[in-house]
A.B. asks: 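Sharing a structure, written as structure tokens. Questions coming.
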2 protein chains.
Amino acid sequence: MARVSLKDLAKHLGLAEGTVSRAMNNYPDISMATREKVKKAADALGYRPNNTARRLATGRAEAVAYLMPTSHSAISTPFVSQLLQGLGDALAMRGWDLMVVQPQAAEDELETLRKLVASGKVSGVVMSRPSKSDSRIEFLKKSGFPFIVHGRSRDAEGYAWYDVDGRQAFADAVDHLASLGHQRIGFIGAPSYLNFAQDRVDGYKDGLVANGITFDPDLISVTELTDEGGERAALDLLNDTAPPSALLCVNDVQAIGALSAIRNKGLVPGEDVSVIGYDGVWMGRHTNPPLTTLAQPQAHSGRQLGDMLLSIIDGGNPTDFQVLRRAELVRRKSDGPPRALTPKIQTNSREEIS
Amino acid sequence: MARVSLKDLAKHLGLAEGTVSRAMNNYPDISMATREKVKKAADALGYRPNNTARRLATGRAEAVAYLMPTSHSAISTPFVSQLLQGLGDALAMRGWDLMVVQPQAAEDELETLRKLVASGKVSGVVMSRPSKSDSRIEFLKKSGFPFIVHGRSRDAEGYAWYDVDGRQAFADAVDHLASLGHQRIGFIGAPSYLNFAQDRVDGYKDGLVANGITFDPDLISVTELTDEGGERAALDLLNDTAPPSALLCVNDVQAIGALSAIRNKGLVPGEDVSVIGYDGVWMGRHTNPPLTTLAQPQAHSGRQLGDMLLSIIDGGNPTDFQVLRRAELVRRKSDGPPRALTPKIQTNSREEIS
DNA sequence: AGCTATTCCGAAACCGCTTTCGGATGCAAG
DNA sequence: CTTGCATCCGAAAGCGGTTTCGGAATAGCT
């Protein structure tokens with residue numbers, strides 16, 4: 001039951017440790033015969049190399065870390081488990097390990113990263129949700145440590161990333177809404193230090209100018225990435241004197257909150273006011289009404305991220321690994337042409353205001 | 001920029017490596033003075049101990065692994081990211097690492113576990129979603145390796161676990177429904193090799209006998225843990241000649257699917273047929289109608305699991321760590337008294353059947 | 001048979017840190 | 001001026017592998 005070490009194995013075979021080691025690792029200078037013999041004995045005795053020792057000796061960690069996003073109301077990070085799964089698959093191909101590390105509240109996340117890199121525990125890092133100008137990215141670039149970003153910062157130069165084009169997506173969404181006849185399109189956003197949030201407002205504005213609609217700052221409301229956030233923001237916008245006829249939300253969970261807000265105001269989402277979300281979470285099919293959204297092609301993002309990171313660790317040039325995917329508008333029932341202002345809405349607004 | 005090793009530090013200070021090491025680790029036989037001096041020099045030079053070397057020397061892994069559930073349609077495992085977060089927090093208190101490992105498709109999960117235990121990479125394991133009689137648990141028990149289970153198997157003896165009492169919960173739910181007047185209560189379940197699925201049917205049956213309702217096997221439908229699964233199963237049950245007036249679902253995502261099925265049949269959930277789910281996912285607040293559910297107190301389960309595992313690794317007796325929490329019925333709008341059979345329903349049923 | 005070229009394996013150093021053990025030093029007590 | 005005890009620190013032996021280097025044995029050639 002005690003663990004068998006290389007030494008045990010060697011003694012058992014009457015060979016030197018070094019020989020056994022090389023046999024196990026398929027060195028060319030070991031005869032086919034002894035190589036076979038060693039391997040057979042190895043799994044007869046149930047030998048498992050001690051990974052820690054191996055790591056120390058080789059200097060390779062054979063592991064990568066996933067840096068958990070900091071703002072993690074589980075609700076806003078349903079993608080984590082999918083991503084980890086994909087990452088795990090990619091790493092498993094080589095028998096590498098996956099560590100997840102969480103910035104400690106006490107120390108800043110940069111310090112967490114520093115320690116991680118210095119510890120030698122992993123040979124690469126993948127991180128999510130970069131901010132507009134992300135100090136973690138700067139640090140990693142400078143250090144030369146292999147890494148890849150899920151998303152990207154404002155300045156996306158000089159490192160590897162995998163992202164979905166939120167800017168394009170929101171421009172598309174505005175196009176769509178405008179073609180439906182909407183002129184007053186509201187935007188529910190997230191704090192713009194998050195780069196994806198910035199991207200998406202940018203897209204929203206792009207779409208506005210492309211359709212000759214002048215930008216009205218009153219039509220934007222920034223809030224948290226939760227359902228309650230979306231609810232509050234929607235209420236805000238809708239209670240305005242000149243409310244929007246459509247709401248673009250920075251993600252689906254906000255959009256779902258917005259749907260509730262609209263219904264609570266006695267209006268019907270998709271008819272009185274259109275709502276479009278972003279992400280394509282499965283729940284969108286079951287909301288009331290089913291949510292029109294910009295769906296990310298995120299099925300295999302984890303796997304991709306993993307493969308790319310591995311290539312970089314192997315010496316690939318990080319800048320060769322920058323992939324931008326496109327989101328797809330999936331129309332369900334929460335969007336439609338604007339309704340002419342009916343007494344109902346006006347009455348309602350007045351009531352809320354007075 | 002090159003990494004500074006213990007040796008460098010020692011040379012720099014004119015001390016022996018051993019001394020420096022003991023100073024860093026607060027050995028009592030190092031004078032306060034040199035201890036201070038060493039530590040100051042350490043972070044002046046930016047010394048970070050190489051974790052791999054430390055592990056090899058001490059024999060402690062200072063890391064635990066989370067065994068990902070195998071059946072992971074991201075949709076059915078939204079809890080993973082929360083759990084990992086909690087685990088991470090618990091481990092961070094000691095500076096330990098968290099590894100996530102995924103059973104490889106090629107080899108069975110037992111083999112994955114064997115390798116993990118033998119590799120010495122971690123000093124403990126937490127696993128989720130045990131089956132009724134789980135070979136992983138048997139293996140771990142036999143091996144004496146520290147572990148804890150999120151959930152439990154049929155025979156919950158001799159190991160540590162943290163679970164929510166699904167049996168009790170479903171009995172409660174039946175009580176509730178019965179008190180509302182329901183007599184034909186349907187059950188949408190999951191494959192019963194999953195122990196939690198078994199628990200919940202058991203609870204369902206308990207509830208039935210407690211309320212003097214005779215069990216009708218036609219009122220049970222087993223399906224996958226997805227929204228489509230719930231949808232299909234609900235349709236099945238509802239199209240029967242004597243359809244149930246209420247549906248108990250093994251989890252919320254199925255319940256959400258069931259809601260859709262009911263609406264698609266032209267019935268109104270919560271009035272024509274009641275639906276109760278299990279889990280308490282945030283989405284339940286936004287479904288149509290809002291979903292009544294048995295909410296798990298899962299907020300800090302990860303943290304708890306982690307703390308318990310750590311205690312076991314420290315030598316605690318696993319059987320001292322078995323905690324059973326209770327789920328809470330949160331009433332929203334998807335349940336209500338049964339409606340007397342109206343022409344509408346009868347017509348509908350006939351139409352579907354013919 | 002004699003010599004060089006291969007093939008295969010053993011010996012030993014090393015990876016970076018921990019920990020035991022004993023020696024040196026300083027100080028109080030005898 | 002010893003003897004006795006703490007107190008501190010240095011030396012060295014691991015932890016369990018990998019990898020370089022060189023030597024022995026075998027094979028190939030003339």
Side-chain angles (χ1 to χ4, degrees), chain A residues 2-39 41-43 45-63 95 97 115 117-123, chain B residues 2-39 41-43 45-63 95 97 115 117-123:
Chain A
R3 302 198 18 189
V4 295
S5 65
L6 218 189
K7 179 151 49 173
D8 299 334
L9 223 193
K11 202 156 26 174
H12 174 83
L13 285 164
L15 291 177
E17 293 182 43
T19 307
V20 175
S21 169
R22 277 169 305 170
M24 292 299 292
N25 294 312
N26 298 316
Y27 273 53
D29 68 342
I30 298 293
S31 74
M32 215 40 174
T34 65
R35 201 183 303 181
E36 295 291 318
K37 206 169 43 181
V38 168
K39 289 193 175 173
D43 60 45
L45 299 201
Y47 167 70
R48 316 270 182 187
N50 175 317
N51 234 277
T52 310
R54 157 189 277 262
R55 280 178 194 180
L56 178 56
T58 60
R60 302 177 225 115
E62 304 202 336
D97 296 328
K115 279 227 279 260
V117 169
S119 75
K121 285 191 272 211
V122 296
S123 33
Chain B
R3 302 199 17 189
V4 295
S5 65
L6 217 187
K7 179 152 47 175
D8 300 334
L9 222 195
K11 203 157 24 178
H12 175 82
L13 285 164
L15 291 176
E17 294 181 42
T19 306
V20 176
S21 169
R22 276 169 306 170
M24 293 297 294
N25 294 314
N26 297 317
Y27 272 54
D29 67 342
I30 298 292
S31 74
M32 217 40 175
T34 64
R35 202 184 301 182
E36 295 292 317
K37 206 169 45 181
V38 168
K39 289 193 176 174
D43 60 45
L45 299 200
Y47 167 71
R48 317 271 180 187
N50 176 317
N51 235 278
T52 310
R54 155 188 277 260
R55 279 178 194 180
L56 179 57
T58 59
R60 303 176 225 115
E62 305 203 333
D97 296 328
K115 280 226 282 258
V117 169
S119 75
K121 284 189 273 210
V122 296
S123 34

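Predicted, not measured: the structure shown is a model, and the values here were computed from it.
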A.B. asks: Just compare dT20(C), dC9(C), dT19(D) and give me whichever is closest to any side-chain atom of Ile30(A).
C.D. replies: dC9(C)
A.B. asks: Which atom names give the shortest non-hydrogen contact between Ala41(A) and Leu13(A), and what distance separates them?
C.D. replies: CB-CD2, 3.8 Å
A.B. asks: For the backbone of Gly18(A) and the side chain of Arg22(A), can you confirm whether one donor and one acceptor N or O come within less than 3.5 Å of each other?
C.D. replies: yes
A.B. asks: Nearest whole angstrom, please: distance from the P of dA12(D) to the CG of Leu6(B).
C.D. replies: 17 Å
A.B. asks: Applying a 4.0 Å non-hydrogen cut-off, can you work out what Thr58(B) is touching in the nucleic acid: base, sugar-phosphate, or nothing?
C.D. replies: sugar-phosphate
A.B. asks: Taking the nucleotide of DNA chain D with the nearest heavy atom to each, does Ser5(A) or Arg35(B) sit closer to the 5' end?
C.D. replies: Arg35(B)
A.B. asks: Rounded to the Å, how far apart are Lys11(B) NZ and dG10(D) C1'?
C.D. replies: 16 Å
A.B. asks: Looking for any heavy atom pair under 4.0 Å, which part of the strands does Gly14(A) touch: base, sugar-phosphate only, or nothing?
C.D. replies: sugar-phosphate
A.B. asks: Does dC17(C) have its OP1 or OP2 closer than 4.0 Å to a side-chain nitrogen or oxygen of Tyr47(B)?
C.D. replies: yes
A.B. asks: Pick base, sugar-phosphate or nothing for Arg55(A), based on heavy-atom distances below 4.0 Å to the nucleic acid.
C.D. replies: nothing
A.B. asks: Rounded to the Å, how far apart are Glu62(A) CD and dT18(D) C1'?
C.D. replies: 12 Å
A.B. asks: Could you check how far CZ of Arg54(B) sits from C1' of dG16(D), rounded to whole Å?
C.D. replies: 18 Å
A.B. asks: Where each residue is assigned the nucleotide of DNA chain C containing its nearest heavy atom, which of Thr19(B) and Thr52(B) is assigned the position nearer the 5′ end?
C.D. replies: Thr52(B)
A.B. asks: What nucleic acid atoms does Gly18(B) come within less than 4.0 Å of, heavy atoms only: base, sugar-phosphate, or nothing?
C.D. replies: base
A.B. asks: By the 4.0 Å heavy-atom rule, please label Asp29(A) as base, sugar-phosphate, or nothing.
C.D. replies: base
A.B. asks: Thr58(A) side chain to Arg54(A) main-chain N or O, any donor-acceptor pair under 3.5 Å?
C.D. replies: yes
A.B. asks: Over how many whole Å does the gap from Met32(B) atom CE to dA6(D) atom C1' extend?
C.D. replies: 18 Å
A.B. asks: Round to a whole Å and report the spacing from OH of Tyr27(A) to P of dC21(D).
C.D. replies: 13 Å
A.B. asks: Quick check: closest heavy atoms across Leu56(B) and Thr52(A), and the distance to 0.1 Å?
C.D. replies: N-CG2, 3.6 Å
A.B. asks: Within the structure, does a side-chain N or O atom of Asn50(A) lie under 4.0 Å from either OP1 or OP2 of dC15(D)?
C.D. replies: no
A.B. asks: Look at the side-chain N and O atoms of Asn25(B) and state whether any lies under 4.0 Å from the OP1 or OP2 oxygen of dT18(C).
C.D. replies: yes
A.B. asks: Measure from NZ on Lys37(A) to P on dC8(C) and round the result to the nearest Å.
C.D. replies: 13 Å
A.B. asks: Does Arg22(B) contact dG10(D) through a side-chain donor or acceptor facing the base, at a distance under 3.5 Å?
C.D. replies: yes
A.B. asks: Taking atom P of dG14(D) as reference, at what distance in whole Å does atom CD of Glu17(B) sit?
C.D. replies: 17 Å
A.B. asks: Mind checking if Ser21(B) touches a base, just sugar-phosphate, or nothing, with heavy atoms under 4.0 Å?
C.D. replies: base
A.B. asks: With nearest nucleotide decided by heavy atoms, which residue, Ala57(B) or Ser31(B), maps closer to the 5′ end of DNA chain D?
C.D. replies: Ser31(B)
A.B. asks: Heavy atoms only: give me the nearest Arg35(B)-Tyr27(B) pair and the separation to one decimal.
C.D. replies: NH2-O, 3.2 Å
A.B. asks: When you get a sec, tell me which of dA11(D), dC15(C), dT18(C) is the closest nucleotide to the side chain of Leu56(A)?
C.D. replies: dC15(C)
A.B. asks: When you measure from the side chain of Arg55(A) to the backbone N and O of Ala61(A), does any donor-acceptor pair fall under 3.5 Å?
C.D. replies: yes
